[in-house]
Number of protein chains: 2
Amino acid sequence: MSGYGAVLRHVEAELSAGRLRVGRQLPAERKLAEDLGVSRATVREAIRVLQAMGVVRSGVGSGPDAGTTVIADPAGGLGAALRLHLATRRLPMSDLVGTRVMIESHSVRAAAARPDHPDLARAAELLTRMDAPDLDADTFHQLDADFHVALTAAAGNAVNTAIMAALRDAIHRTVLDAVQALPDWSRTAVRLRREHRSILRAVQAGDGDLAATRVTRHVEGFHREWVRHA
Amino acid sequence: MSGYGAVLRHVEAELSAGRLRVGRQLPAERKLAEDLGVSRATVREAIRVLQAMGVVRSGVGSGPDAGTTVIADPAGGLGAALRLHLATRRLPMSDLVGTRVMIESHSVRAAAARPDHPDLARAAELLTRMDAPDLDADTFHQLDADFHVALTAAAGNAVNTAIMAALRDAIHRTVLDAVQALPDWSRTAVRLRREHRSILRAVQAGDGDLAATRVTRHVEGFHREWVRHA
DNA sequence: CAGCCTGGTGTGGTCAGACCACAGAGTCTA
DNA sequence: TAGACTCTGTGGTCTGACCACACCAGGCTG
């Protein structure tokens, strides 16, 4: 088999077998190359891919942050892939929004069944920070995105949470551009804050159906507004 | 900025600007390296990543299949990422199944509103092929997976379809192993065929709620059975 | 003339070896 | 003792080379 693929399969096998765990380090590139009988360039190609997938992080120098470490950032990898395919125009933005609505409405339904989940407290704290009067649009959107991810995380499905975070990454820049074009941003921000609170209230009250309805209206409404001004 | 990241951002920018379209070719590695003022090794690392994301396909030699071509295979890229993170044990299989149930039940609901969608005809044809009596488990599961993806595709959301296909890729090997362990595979196959038909019937009858209930039972039931014997 | 075959050319795949910046650890010096 | 120094190992990048491959054009052969 090809050298590049062999490295990838080797690492995946090590992960599957549990010999390589999150937080541990891969062998140094030069050593890995020697072990597998390939060149360092080939090893690097494979490691780059793992890096792009969010499976591994590399740092130069020495010390704890140096070398190649196994991490677990599925959202990073999925987000990069979604962003690229968004650029190819094969994944329309409207479908990304549709998926987001599906995940969020499903998640708030599930989260309403466990209103004491710590991620809901985190979501509430994010809303408080969004109340700061002198927030610029960039920070506001960042908190906004974190709020929605926290809401999803409260449902307890790691895959959905990762996809949700990935969708946020993929959409991020587009939304920022859109926000610039809105006629009255501060007015929109007031409405978004109100809607966020009403969604969270419904979840904490255990009313999943209401929360789902509200989050659907919230996301689709903002998307429509933002498409109108794009 | 770093050489590697510069190449990646350059290609993404070319895609976003529409100067690079699906089906077209990237410049040759040597030329791209010269154009961007980096080495060929650096260009290759970036291209490997694009390849792993399903954005690009490379072929040696000359002719139409040679060189690096822009493609659009989001499922491939997402599937690889999911498989890797499954290996790190940070994405539990039960969550993958949960996401799958969410997407499928949501999709059959939407598909029921357009019962004449061509993907439904394709799904029906796949079921016919699954009726062949001398089918081995491997082929059966392949058709099974294609059926579920076709069902999802009939809902018309490309992102959901890509994620569904990615989940299939990620789960594929595990399911194959599980099927080996089932006590009476042919008996299970008979049940699966019946359930598939009943799901498709509900969709074609326009009864989205019924289809959603059935597909949820179908997927969760098979997952439980397969976990029990793992 | 028709058919084969044989270089030529350009592609990605891989390799070996080199140099760099970096960051920590250990050592030497004032 | 505190600071400056070298040493070592890391990933990041570059250079230049060779390979297998597949097409294509030209010449050769029948």
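Quick note on labels: first sequence line is chain A, next is B, and so on, each numbered from 1.
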Under-3.5 Å N/O pairs linking protein and nucleotides 19-25 of chain D:
unit_1: D:dA22; atom_1: O3'; unit_2: B:Ser62; atom_2: O; d: 3.4
unit_1: D:dC23; atom_1: O4'; unit_2: B:Ser62; atom_2: OG; d: 2.8

field: Exercise: identify the closest heavy-atom pair between A:Asp119 and A:Ala150
entry: CB-O, 3.6 Å

Nucleic acid contacts of residues 31-49 of chain B, taken as heavy-atom distances under 4.0 Å to DNA chain C: B:Arg40, B:Arg44, B:Arg48

- request: For C:dT11, take OP1 and OP2 only and decide whether either is under 4.0 Å from a side-chain N or O of B:Thr68.
  value: no

statement: So the ring pair (Phe, Tyr, Trp, His ring centres under 6.0 Å) pairs with at least one residue in residues 123-144 of chain A (sequence neighbours excluded) are A:Phe140-A:Trp185, A:His141-A:His172

query: Side chains of A:His218 and A:Glu104: closer than 4.5 Å at any heavy-atom pair?
result: no

- prompt: What is the distance from atom CG of B:Leu127 to atom CE of B:Met130, rounded to the nearest 0.5 Å?
  reply: 6.5 Å

field: Sub-4.0 Å heavy-atom contacts from residues 20-27 of chain B onto DNA chain D, ordered by number
entry: none

message: Mind checking if A:Ala28 touches a base, just sugar-phosphate, or nothing, with heavy atoms under 4.0 Å?
response: sugar-phosphate

task: Let me know the distance between CD of B:Glu29 and C1' of C:dG13, rounded to the nearest Å.
output: 8 Å

task: Count the heavy atoms of every other residue, nucleotide or ligand shown that sit under 6.0 Å from CZ of A:Arg24, and state whether that count exceeds 12.
output: no

task: Determine, stepwise, if the pair B:Arg90 / A:Asp73 fulfils salt bridge (charged side-chain N to carboxylate O under 4.0 Å, His left out).
output: CA-CA 9 Å; B:Arg90 297 310 260 246; A:Asp73 178 27; over 6 Å; no

field: Test ring-ring contact (aromatic ring centres under 6.0 Å, His included) applied to A:His223 - qualifying residues, sequence neighbours left out
entry: A:Trp226

statement: side chain to side chain contact (heavy atoms under 4.5 Å, CB included) filter on A:Ala41, not counting sequence neighbours, yields A:Ser39

- prompt: Could you go step by step and tell me if A:Thr161 and A:Thr152 meet the side chain to side chain donor-acceptor pair (under 3.5 Å) rule?
  reply: CA-CA 6 Å; A:Thr161 306; A:Thr152 306; over 6 Å; no

- prompt: Counting only heavy atoms not in B:Arg89, do more than 12 sit closer than 6.0 Å to its CZ atom?
  reply: yes

field: d(CG, A:Leu8; C1', C:dG13) in whole Å
entry: 15 Å

